Amino acid sequence: MRKWAVPSVLLLLCLLSLISDQGQKLHAKAEDDSDSLLDPPKVEEKLGAVPNGLSTDSDVVKRESESISRKTLRNTAEKFEFQAEVSRLMDIIINSLYSNKDIFLRELISNASDALDKIRFLSLTDKEVLGEGDNAKLDIQIKLDKEKKILSIRDRGIGMTKEDLIKNLGTIAKSGTSAFVEKMQTSGDLNLIGQFGVGFYSVYLVADYVEVISKHNEDKQYVWESKADGAFAISEDTWNEPLGRGTEIRLHLREEAGEYLEESKLKDLVKKYSEFINFPIYLWASKEVDVEVPADEDESSDEAESSSSDDGESEKSEDEDAEDKPKTKTIKETTYEWELLNDVKAIWLRNPKEVTEEEYTKFYHSLAKDFGDEKPLAWSHFTAEGDVEFKAVLFVPPKAPHDLYESYYNANKANLRLYVRRVFISDEFDELLPKYLNFLMGLVDSDTLPLNVSREMLQQHSSLKTIKKKLIRKALDMIRKIADEDPDEANDKDKKDVENSSDDEKKGQYAKFWNEFGKSIKLGIIEDSVNRNRLAKLLRFETTKSDGKLTSLDQYISRMKSGQKDIFYITGPNKEQLEKSPFLERLKKKGYEVIYFTDPVDEYLMQYLMDYGDQKFQNVSKEGLKMGKDSKAKELKESFKDLTKWWKSALASENVDDVKNQQPFG
Ligand SMILES: *[C@@H]1O[C@H](CO)[C@@H](O)[C@H](O)[C@H]1NC(C)=O
Ligand SMILES: *[C@@H]1O[C@H](CO)[C@@H](O)[C@H](O)[C@H]1NC(C)=O
Ligand SMILES: *[C@@H]1O[C@H](CO)[C@@H](O)[C@H](O)[C@H]1NC(C)=O
Ligand SMILES: *[C@@H]1O[C@H](CO)[C@@H](O)[C@H](O)[C@H]1NC(C)=O
């Protein structure tokens with residue numbers, strides 16, 4: 001401290017804060033071990049002396065020490081540097097002119113809700129973890145201190161140990177951090193911050209100094225604090241009220257963020273963004289109430305010496321008068337109470353007929369932690385009955401997550417939340433959906449699964465197989481429906497005329513789906529033999545006749561030439577190159593339609609997709625292609641020597657039309 005060139009008043013205040021922090025620790029220590037403390041009493045002497053020099057009011061001292069810590073972090077604390085990526089992220093947030101600063105609240109509430117989910121899950125197998133009394137109440141509390149400009153959000157969730165605080169809040173960047181930083185720099189949109197697991201840092205949109213006080217069952221209470229200037233500090237918390245368990249985040253709001261000290265603003269935000277949080281969210285809200293007070297009592301303290309009259313309306317009265325003629329009057333008083341801000345009835349328990357489109361959309365946004373304007377492409381809300389009972393809501397997001405295919409085979413990318421009887425169990429359950437459907441968002445709430453077992457035991461449970469099977473079926477139905485309702489897809493010959501103005505917003509939806517998730521469908525065909533045909537129905541591609549548009553296998557088949565038995569395709573890096581293929585030329589001349597498969601995954605895909613209904617697939621660049629009737633892909637090479645011969649000669653020949661008569665073209 002001496003090194004710093006600070007004004008002497010500041011220095012004095014620094015000293016004060018140092019002493020007041022240490023003083024409390026020393027008090028605590030002194031009680032159980034007074035002998036060993038040789039030096040500290042001196043500090044205590046000082047502690048007694050210095051504040052007296054300034055003021056006798058310990059509140060003032062406390063406030064001053066607080067204002068100090070806004071400028072410099074607590075001196076006694078252990079200091080850490082943010083991991084570089086985190087630091088960059090914080091810089092961007094602080095310097096952003098982002099207009100939607102509101103997002104910080106939903107990020108904190110969502111985090112609180114996660115922490116509550118975790119402790120509730122642990123309590124299923126160990127009741128003790130919840131503790132007793134208020135500690136066992138799983139809720140979220142929001143409180144304002146207008147005077148000090150502090151907004152605090154508290155949960156009784158699992159809390160963080162010292163190590164958790166260090167790791168989670170600064171030293172280890174979540175895997176998505178750099179991806180998000182990059183995205184931010186180009187788009188400037190912070191809305192997706194929650195998806196990247198770094199939503200917490202959005203607090204710096206509104207606060208210049210933040211304290212995170214946390215108590216985990218297995219550790220002491222700690223305070224994490226930072227002004228987002230590259231460093232944070234952690235100290236054992238010996239001055240705040242014990243939390244019992246959980247986390248309290250105190251935002252020391254910036255000057256320009258005063259609106260977040262308005263109760264009405266906070267209520268609006270919770271309604272808007274945190275409607276689907278499954279724990280009660282309370283605001284310590286003020287209320288004007290009329291109270292009857294004896295007129296004298298009210299006056300006596302402040303106005304004991306004022307003169308008065310006997311007039312009943314008088315504001316003032318003398319003590320003696322009041323005794324003779326006890327008067328009461330009604331005054332407005334501000335009282336505070338916890339006001340519940342959300343309705344915790346889970347949307348998936350409601351009758352689907354009674355849930356509006358808007359509610360589904362908002363629910364999707366909260367699940368996906370994506371608060372953009374886009375609607376999900378589709379959803380399915382259903383109840384499964386029978387041996388295994390569950391309710392589920394599935395969504396097709398409007399966009400693929402940033403890392404959907406990055407580590408498809410190893411990372412756990414499940415986006416489905418599993419509940420058992422309304423209790424959140426996990427969002428890392430691989431067993432609910434196959435990998436290729438990991439792009440779906442949603443939840444499953446099962447009444448059949450046991451509640452009192454560990455996650456590992458649940459993973460073995462036999463009902464999971466049934467749930468998975470039903471979920472896949474419903475998911476594929478839902479995706480097929482996007483196509484069925486899309487007027488752009490309506491050129492199937494057997495499809496009803498769906499040209500309808502009310503269908504406008506369904507227009508082009510399937511193409512959108514395909515662009516985002518087509519690869520997943522292909523991976524599904526490769527991986528899921530049971531549903532291969534269902535998935536093949538969802539395939540889209542361009543062909544020699546599709547005129548740049550996407551086409552389906554059914555559409556292809558409906559356009560097949562009479563006598564054509566097989567589905568022709570060609571694989572290659574891109575359409576332009578394939579168009580020049582000599583193999584193709586031959587077929588085009590004959591009027592056959594050929595599918596272009598240009599995705600690298602298509603080479604694999606076509607090794608699994610042998611047929612579709614009655615049709616076989618034919619690789620037109622393979623030796624021995626047969627275009628006519630009765631072809632059988634498998635026996636191709638062996639049984640059609642003539643054909644092979646023809647094909648070879650056709651290739652060599654310039655005048656391919658000569659070969660025509662030898663072949664039974666349709
Ligand atoms: C948010 O919640 C997660 C999970 O409970 C935790 O790891 C993370 O540290 C929390 N962050 C804050 C600021 O509470
Ligand atoms: C869970 O509870 C069920 C019935 O409530 C009981 O039969 C079962 O043994 C319990 N399992 C465990 C692991 O405690
Ligand atoms: C077209 O719209 C009308 C009125 O909005 C509706 O009654 C009808 O069912 C729609 N037709 C189709 C095929 O969706
Ligand atoms: C199609 O045939 C060509 C030529 O034999 C081959 O290179 C390609 O891998 C084949 N594609 C598939 C999907 O079988």
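Counting starts at 1 for both ligands and their atoms, in listed order. Because the structure is predicted, anything quoted here is derived from the model rather than measured. Values below: all heavy atoms of this structure, side chains included; hydrogens, waters and symmetry mates excluded.
Under a 4.0 Å N-O distance rule, the pair Asp117/Arg417 qualifies as a salt bridge. The pair Lys580-Glu585 fails the salt-bridge criterion, with no side-chain N (NZ, NE, NH1 or NH2) lying under 4.0 Å from an Asp/Glu carboxylate O.
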Name every donor-acceptor pair, under 3.5 Å, that has one atom in a side chain of residues 526-539 and the other anywhere in the protein, sequence neighbours excluded.
| from | atom 1 | to | atom 2 | distance (Å) |
| --- | --- | --- | --- | --- |
| Glu527 | OE1 | Tyr408 | OH | 3.2 |
| Glu527 | OE2 | Tyr408 | OH | 3.2 |
| Glu527 | OE2 | Tyr409 | OH | 3.0 |
| Asp528 | OD1 | Val530 | N | 3.2 |
| Asp528 | OD1 | Asn531 | N | 3.2 |
| Asp528 | OD1 | Asn531 | ND2 | 3.4 |
| Asp528 | OD2 | Tyr436 | OH | 2.6 |
| Asp528 | OD2 | Asn531 | ND2 | 2.7 |
| Asn531 | OD1 | Arg534 | NH1 | 2.8 |
| Arg532 | NE | Ile525 | O | 2.6 |
| Arg532 | NH2 | Ile525 | O | 3.1 |
| Arg532 | NH2 | Ile526 | O | 3.3 |
| Lys537 | NZ | Asp554 | OD2 | 3.2 |
| Lys537 | NZ | Tyr612 | OH | 3.4 |

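Defined by atom type and a distance below 3.5 Å, a donor-acceptor pair is present between the side-chain atoms of Thr543 and Glu593.
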Ligand 4 N/O to protein N/O, distances under 3.5 Å:
| from | atom 1 | to | atom 2 | distance (Å) |
| --- | --- | --- | --- | --- |
| ligand 4 | 2 (O) | Asn619 | OD1 | 3.3 |
| ligand 4 | 2 (O) | Asn619 | ND2 | 2.3 |
| ligand 4 | 9 (O) | Glu603 | OE1 | 2.8 |
| ligand 4 | 11 (N) | Glu603 | OE1 | 3.4 |
| ligand 4 | 11 (N) | Asn619 | ND2 | 2.8 |
| ligand 4 | 14 (O) | Asn619 | ND2 | 3.3 |

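The aromatic ring centroids of Tyr419 and Trp348 lie less than 6.0 Å from each other. Between Tyr360 and Phe363, the ring centre distance reaches or exceeds 6.0 Å.
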